[in-house]
Amino acid sequence: MTEERIYEMLDEVFQDVFDDEDIHVEPETTANDIEDWDSLEHINLVVAVENKFGIKFNMGEVVEMKNVGEMVHTILARVNG
Amino acid sequence: MTITSLNFFVFLGLTTIVYYLFPKKYRWISLLVFSLAFFSLASIEVAGYFVFGVATIYISSRLIGEKLTTQKAKKATIVIALAFNIAMLFLLKYINIIPNTINGFGELFNIDFHLGTINLIAPIGISYYTLSMISYLVDVYWTTIPAEKNFFKVMLFSCYYPCLISGPFIRYTQMKSEFFDNGDFEWDNIFKGFHRVVYGLLKKMVIADNLAIIVNAIFADTDVYSGPFIVIGVVFYALQIYCDFSGCMDIVIGASKLYGVKLPENFESPFFSKNLSEFWRRWHITLGSWGKDYIMYPLLKSEAFQKLNKKSKKKFGKKLGKKIPVFLAILILWVIIGIWHGASYKYIFAAGILPWIYLTSSELLEESFVKLRNKLKINVESKWFHIFQSLRTLFMMCIVWLFALAPSFTQSFALIADIFKFDPTVVDPFISEVIMGDHTLYAVLFKWAVIVVTMLGVAIVDYLKYNNVDVAEKFNSCNHIFRFALLIAMIGVTLMFGVYGPGFVPADFIYGGF
Amino acid sequence: MKEKLKKSVKPIIRIVAFILVFAFVFVFLTYTSKPGDLRNSSRIYGLYAEKKNTLDVVNIGGSATFVYYAPLQAWENHGIVSYDYAAAGVQAELYKHMIEEVLKTQSPELIVIDARAFQYRDAENDGSQPPSEFTYRTTLDGMRLSMNKIRFINENVGTRIEDDDKLSYYLDLIKYHGHGYPNKDKMKLMLGIYKEKYNGFFLEAKNQELTKCEFNTTDKRPVSEDTEKVLVDLLEYIKQIDCEFLFTVSPYLEKEEHKQTFNYVEGIIKQYGYNFLDANDYIEEMGIDYSTDFYDEKHVNILGATKYTDFLSRYMIDNYDLPDRSDDPAYAFMNDYVDEWHKDIDASKEKLSEILEDNSNE
């Protein structure tokens, strides 16, 4: 799977979880950039990403990921590795 | 030794010198020695329990991180290790919750069970080091970090003495480089560390401990000191507990800075928060993030909660439905936080259930509030609105603290009823006994004027920090003379008006007729 | 390495400067916070302002000294240069240290020691003033921090009095901080220029009519074990000092048991070759009148003090080698406060005569 495709799919997940059609994520995107992305929503988002890509993050990764770029990095490793 | 005692300052000075005498590579070993010494001085029995505990954590971490291969085995190991250490914590700190429960139950029905409570000396810092050790082991289990091969490094992480007293909770991921890849001598560290310790002592000894005299007098007998006394008492208590706890943090973080070891912050101008969610992100920060990372997230991500999520979304629709598992998770989190604060229902309610009620209702009412604000055409960016929000936050927290000040949960309603009484005749004796204490009016007024000025100083510092000014750095780069003068003033004020020493009553020293 | 040291010079200078300023502030705050009423300890403080090596006689004791012996009267009448180094309720175990403190800056011919302290410290012997934090501090607080002071605190605080907070004795500030503010007297103390204008004497202008207890006894009533230890310790200490010592009991409402205690104490003191003078045996000679000369059972007023000062001064001249410094220009400073002294005396005597008139009219 290419990085480009991952970003496409992530957009779909974000738009669904946060109910906003206009969201487009980039490597630098963090929780500060998206209004409803707080610690309470974080898990919902993570689980939605897991379901979309058929992968599982471990708790360490969930806690440590600082921006979308890092999330994508982990997804790539899971999906292609 | 208490961190406001002369002994502690001597300890701090000596350890700093010894630390830098060690060759850089081995400086962390000296920290371990200091920490074990500090621990043993406080309680040698507890130091014993601690060594036992950290050994189980270390062994489990090596097994999980390196030796064991199946997930089942790893899970079993971590469950045993956690259960053992939590049981030790529970036994030593909370053993009284059982008789307390039964007695309290009896109180409700006017039955006198009178079960005796056991007087085991709760180890200093056992609540702190246990949770830090747990975070290390869980991080290994989650493969966030590899297991640390050196037992003594794990030991240092677990018993680092600045954190033993009241935290902050530390994570191995952050502290590893601070402890082991560090230790260069920088004058900046010495000066900034010193500034911070002085600032903390000022807050604790001048503000917190003086307010405590009044607060304690009021809450020792709210039947007598009722009505406005209670209101004033709770507000003073809010200021007291903030200056005490954050002052303590300043002292330990400053002390750690002397060694060049950076500790995480526990307070970030909480009283400027606009709402309670923000408050809890600025008050006792490391407890909040520990709870979030090791209780809330794992709960929410668990299968049970995911199932609940799906079910409730089906039943209540997407918006409300997804909130339900979150509310349940934070209920569990807050009850645990309440229990952590104290082995009684008072704390489970005041530091657990009540904050949960606040958080969930503000989540649910968020939309209505926004509509109301728009209707009233309130400018959310204005300074006045911010002041309103801060005061509102303070008010909500004062209710929490009111419950914490009651002698027990069942007695908190009596306390609330006392707010509606008032006996004006006790005002005079209260002032003369508690506040004047037989000293001259001028001296007492001057002292409290200085205390108020000090509080304003702290408020200004917090305001600057809320607006992301690096106050410590700014202060350190100030004009020498100004900095010198301000430091001397802070120390002078602490020496003069801080609460320490035996104190005296003037009457005792007037040798009437020799 | 050289680079590092160079870099460190500035910060080290800053630290040293800071410590010096801090030390000054600490001393300033110590004096600022001392209780406003210096009355009880003022004559202990005042010693430091006395010109070095000028005092020929030093009276050491408690209120049984400083309301009794008037240095300015002794100066005017006999040219004696003296000082009342005394504090309210003094305890005998302090004497050794008070003497040592005096000898740091003075070289007197004679030191007069108030022996009443050996009686009043035994609660079981009708003693009204056993050792306590208060009776230690009236003297101690006035003494500057020194090895002498530290030795006293180490030996007596926590043993003879119950208190494990020695630090607040070494460093006053720990005890008194919180409510003081600077005034002229305290700043003078700090600078060591606080002068006791009457060299320690305190004028008392009140009156209580008393009746002397009549008895005649040579019986000896032993003091407590601890008091005897304190006495012998003191005697062993002064044995080695090149100075004359005289032990006195000033006139008061002495009871028979007290006299018996003094007989016992006298016995020990005489063994060391020192004189013991119980002024209560010389009431007639002094011309003391129990109805007019006392302000309470334990203290004389100014009328009684005048008589006692005269009596003791003559005794000292007869028995010791005291120089008469009246014509010595080096001692002209003793005249500085004589006029004020007379004004004060006259005012007190007038006040007293009014009181006595009122009493007799009742």
Side-chain angles (χ1 to χ4, degrees), chain B residues 5-7 20 184-191 194-195 198 205-206 209-210 213 435-448 450-451 476 480-481 483-485 487-514, chain C residues 4 7-8 10-12 14-15 17-18 21-22 24-26 28-30 32-37 39-41 62-64 66-67 86-89 129 132-135 137-138 141 163-165 167-169 171-181 202 204 206 208 295-299:
Chain B
S5 68
L6 190 61
N7 289 340
Y20 289 107
D184 276 322
F185 180 85
E186 303 274 346
W187 278 113
D188 248 18
N189 287 340
I190 303 293
F191 290 133
F194 178 70
H195 300 163
V198 168
M205 292 169 73
V206 175
D209 290 347
N210 275 304
I213 296 173
I435 300 183
M436 299 290 297
D438 203 28
H439 296 280
T440 67
L441 178 63
Y442 179 72
V444 171
L445 280 177
F446 183 67
K447 170 172 151 175
W448 281 98
V450 171
I451 295 174
N476 199 31
H480 284 324
I481 311 269
R483 198 168 70 234
F484 222 73
L487 277 171
I488 292 282
M490 291 201 281
I491 295 178
V493 166
T494 306
L495 280 175
M496 195 56 173
F497 300 111
V499 175
Y500 65 95
F504 78 108
V505 176
D508 289 348
F509 279 73
I510 296 173
Y511 190 29
F514 314 123
Chain C
K4 259 200 173 171
K7 258 187 152 188
S8 297
K10 257 200 185 164
I12 291 182
R14 272 163 46 195
I15 292 178
F18 189 84
V21 174
F22 168 74
F24 172 76
V25 169
F26 189 90
F28 174 80
L29 288 177
T30 295
T32 298
S33 62
K34 284 188 186 279
D37 184 351
R39 182 175 59 158
N40 294 326
S41 316
S63 51
F66 66 72
V67 296
Q129 194 79 245
S132 64
E133 176 184 11
F134 175 73
T135 55
R137 280 190 181 274
T138 51
D141 286 350
D163 200 332
D164 37 69
D165 185 13
L167 202 57
S168 69
Y169 286 81
L171 302 170
D172 267 22
L173 180 62
I174 293 174
K175 173 85 182 171
Y176 296 115
H177 75 280
H179 297 94
Y181 38 89
F202 184 81
E204 194 52 76
K206 292 200 200 108
Q208 183 180 343
Y295 111 82
D296 70 16
E297 285 186 15
K298 299 199 170 65
H299 304 93

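Here is the naming used below: chain letters follow the sequence lines, and residue numbers restart at 1 for every chain. What you see is a predicted model, and the numbers here were worked out from it, not measured in a lab.
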Between the NZ atom in K447(B) and the NE2 atom in H177(C), the distance rounded to the nearest 0.5 Å is 7.5 Å
Honestly, the part of A17(C) sitting under 4.5 Å from a heavy atom of chain B is both
So CZ of F446(B) and OH of Y181(C): to nearest 0.5 Å the spacing works out to 10.5 Å
CG (L29(C)) and CZ (F497(B)) are apart, to the nearest 0.5 Å, by 8.5 Å
Rounded to the nearest 0.5 Å, the OH atom of Y442(B) sits from the NE2 atom of H179(C) at a distance of 13.5 Å
Practice task
Decide yes or no for K10(C) and W187(B): does some side-chain heavy atom of the first lie under 4.5 Å from some side-chain heavy atom of the second?
Solution key: no
Looking only at S33(C), P11(C), S168(C), most heavy-atom pairs under 4.5 Å shared with chain B are made by P11(C)
With chain C, the option among P502(B), A443(B), G498(B) that has the most non-hydrogen atom pairs under 4.5 Å is P502(B)
In this structure, CD1 of I174(C) is separated from CG of L6(B) (nearest 0.5 Å) by 7.0 Å
Okay, V25(C) and chain B: the region with an atom under 4.5 Å from a heavy atom over there is side chain
*Hey, what's the ring geometry for F484(B) with F18(C), parallel, tilted or perpendicular (30° and 60° as the breaks)?*
perpendicular
When the 4.5 angstrom heavy-atom criterion is applied to I491(B) and chain C, the contacting part is side chain
* Asked: Taking side chain as C-beta onward, heavy atoms only, is I15(C) less than 4.5 Å from F194(B)?
  -> no
Interatomic distance, OH@Y500(B) vs CG@L167(C), rounded to 0.5 Å, equals 9.5 Å
Legend entry - Other residues, nucleotides, ligands: >12 heavy atoms within 6.0 Å of D164(C) CG: no
Discussion item. Taking the side chain as everything from C-beta on, heavy atoms only, tell me whether L495(B) gets closer than 4.5 Å to F22(C).
Written reply: yes
